[in-house]
Amino acid sequence: MGFEEMQEAGDVDTIWLDGEFVDWDDAQIHVLTHGLHYGTGVFEGVRCYDTDEGPAIFRWEEHLDRFYESGKPYNLDIPFGREELTAATKELIRRQELESCYIRPIAYYGYDMLGLNPESCPVQVAIAVWPWGAYLGEGALEEGVEVTIASWQKYASSQIPTNAKTTGPYINSVLASLEAKREGYVEALLLNQEGNVAEGPGENLFLVRDGEIYTPGLAEGILDGITRNTVITLARELGYTVHDDATISRGELNTADELFFSGTAAEVTPIRKVDNVVIGEGTRGPVTTDIQRTFFDLVERRTDDHPEWFEHVEA
Ligand code: PMP
């Protein structure tokens, strides 16, 4: 569903912009905004889940940490504190009576001049929230998705920091996604500069082999995904051996018993095929099923585990 349809459905009508709650249609910026021209912005993607105790934001503190940290290499100091951003987000969810939603905070260099050095530009900040279901489509969580290895490689961390969510570099993910869709796949998988497996355009990758779990380490040029960290933690609690600094060659994908994606938007999504190769039985495998069930039991609060990971949006 697009934003206009959401608005017609009455789901969303307010955005928080530089300290004010504004009507959705009034959340506008100048065309000479630095971040529009050079991608000098940082952002987050967070989910808020519907629980018996009302909406609960998952791992908000960790997302805030990454939001502030992503700006560091660009001297982009977010001019609002954690309490202000938290209060604004909760108020957006309450006002629009959302039970569950996706949360998009963004901070970017604004309007002043268009030299490459952005430091004279003001840092502007916005937060929007909206309902967002399964990112990789209906049925993806149960049946798994088909992915293709992108012809575009993931940029190296020696070129652009990969452990930050910076707006500009997402064109790399956009290229990979476009290519995947064009070729009839749901999602792409990117190799790094060494030709090893990095991650999806907006997801981290996990591989299961002989009952053990592997995921590329940060040195492979991946985002330090918060869902990745959640999966690693939950899998270890379930008793699995997790190798969280693996190097995974392209060929190892083909011989995996199971593959799955993790991400805020994608949650835990099985991968059933990579290009022409069927992975395992071509369905959601037993380890993926175990982890996916544990993940959804956690985020929808069917268990009391990890209360420290939830920020409740009280009435
Ligand atoms: N890799 C990339 C490139 C991403 O954009 C995302 C989504 N933020 C992820 C991995 C998954 O990270 P997270 O679990 O923190 O959403």
Side-chain angles (χ1 to χ4, degrees), residues 39 41-49 57-71 101-107 128-129 132 134-136 140-141 145 147 149-150 152-157 159-180 186-193 196-207 215-235 242 244 246 248 259-269 271 291-292 294-296 298-299 306 309-311:
V42 297
F43 69 106
E44 269 306 317
V46 191
R47 270 191 194 267
C48 174
Y49 286 93
I57 308 174
F58 185 53
R59 306 204 69 175
W60 176 245
E61 294 298 331
E62 292 83 350
H63 282 280
L64 273 185
D65 287 342
R66 193 171 63 187
F67 192 39
Y68 287 104
E69 286 169 3
S70 287
C101 62
Y102 182 81
I103 304 165
R104 167 55 56 86
I106 182 167
V129 303
W132 209 355
Y135 176 66
L136 294 175
L141 295 171
V145 293
V147 307
I149 306 278
W152 299 98
Q153 286 175 299
K154 173 83 194 199
Y155 50 86
S157 60
Q159 297 168 324
I160 298 173
T162 48
N163 59 341
K165 277 184 81 75
T166 321
T167 59
Y170 269 82
I171 50 172
N172 182 236
S173 292
V174 170
L175 285 168
S177 296
L178 282 171
E179 183 177 297
V186 171
E187 190 57 301
L189 199 48
L190 289 96
L191 304 180
N192 63 20
Q193 303 283 301
N196 295 317
V197 178
E199 59 184 344
E203 306 88 2
N204 291 110
L205 179 92
F206 284 84
L207 178 152
T215 193
L218 297 185
E220 303 299 313
I222 60 160
L223 185 73
D224 189 1
I226 292 164
T227 320
R228 174 183 181 275
N229 174 275
T230 304
V231 166
I232 292 167
T233 306
L234 296 180
V242 184
D244 63 4
I248 299 175
L259 295 175
F260 63 90
F261 275 139
S262 74
T264 296
E267 300 169 305
V268 176
T269 300
I271 297 172
I291 288 171
Q292 197 188 54
T294 307
F295 176 83
F296 281 107
L298 176 89
V299 293
H306 294 291
W309 283 348
F310 293 87
E311 183 76 39

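None of these values were measured; they are calculated from a predicted model. When a ligand or atom number is given, it counts from 1 through the structure's own listing order. We're numbering straight along the sequence, starting at 1.
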Novice: Which residues pass the ring-ring contact (aromatic ring centres under 6.0 Å, His included) test with Trp132, not counting sequence neighbours?
Specialist: Tyr102, Trp130, Tyr135
Novice: With Tyr170, which residues qualify under ring-ring contact (aromatic ring centres under 6.0 Å, His included), at least two apart?
Specialist: Phe43
Novice: Can you produce the list of protein nitrogen or oxygen atoms under 3.5 Å from a nitrogen or oxygen of ligand 1, alongside each distance?
Specialist:
from     : atom 1 : to     : atom 2 : distance (Å)
ligand 1 : 1 (N)  : Glu199 : OE1    : 2.7
ligand 1 : 5 (O)  : Lys165 : NZ     : 3.3
ligand 1 : 5 (O)  : Tyr170 : OH     : 2.4
ligand 1 : 8 (N)  : Lys165 : NZ     : 2.7
ligand 1 : 14 (O) : Ile226 : N      : 3.3
ligand 1 : 14 (O) : Thr227 : N      : 2.8
ligand 1 : 14 (O) : Thr227 : OG1    : 2.6
ligand 1 : 15 (O) : Arg66  : NH1    : 2.8
ligand 1 : 15 (O) : Arg66  : NH2    : 3.0
ligand 1 : 15 (O) : Ile226 : N      : 2.7
ligand 1 : 16 (O) : Thr264 : N      : 2.9
ligand 1 : 16 (O) : Thr264 : OG1    : 2.6

Novice: Show me the donor-acceptor pairs, under 3.5 Å and distance only, between side chains in residues 260-269 and residues at least two apart or in other chains.
Specialist:
from   : atom 1 : to     : atom 2 : distance (Å)
Thr264 : OG1    : Gly45  : O      : 3.4
Glu267 : OE2    : Tyr49  : OH     : 2.6
Thr269 : OG1    : Ala266 : O      : 2.6

Novice: Determine whether Ile271 and Leu205 make a side-chain contact, defined as any pair of heavy atoms from C-beta on separated by less than 4.5 Å.
Specialist: yes
Novice: Side-chain contact test, heavy atoms from C-beta onward, threshold under 4.5 Å: evaluate it for Ile103 versus His63 and give yes or no.
Specialist: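 With C-beta onward as the side chain, the pair stays apart.
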Novice: Do Asn204 and Val231 come close enough that some side-chain heavy atom pair is under 4.5 Å?
Specialist: no
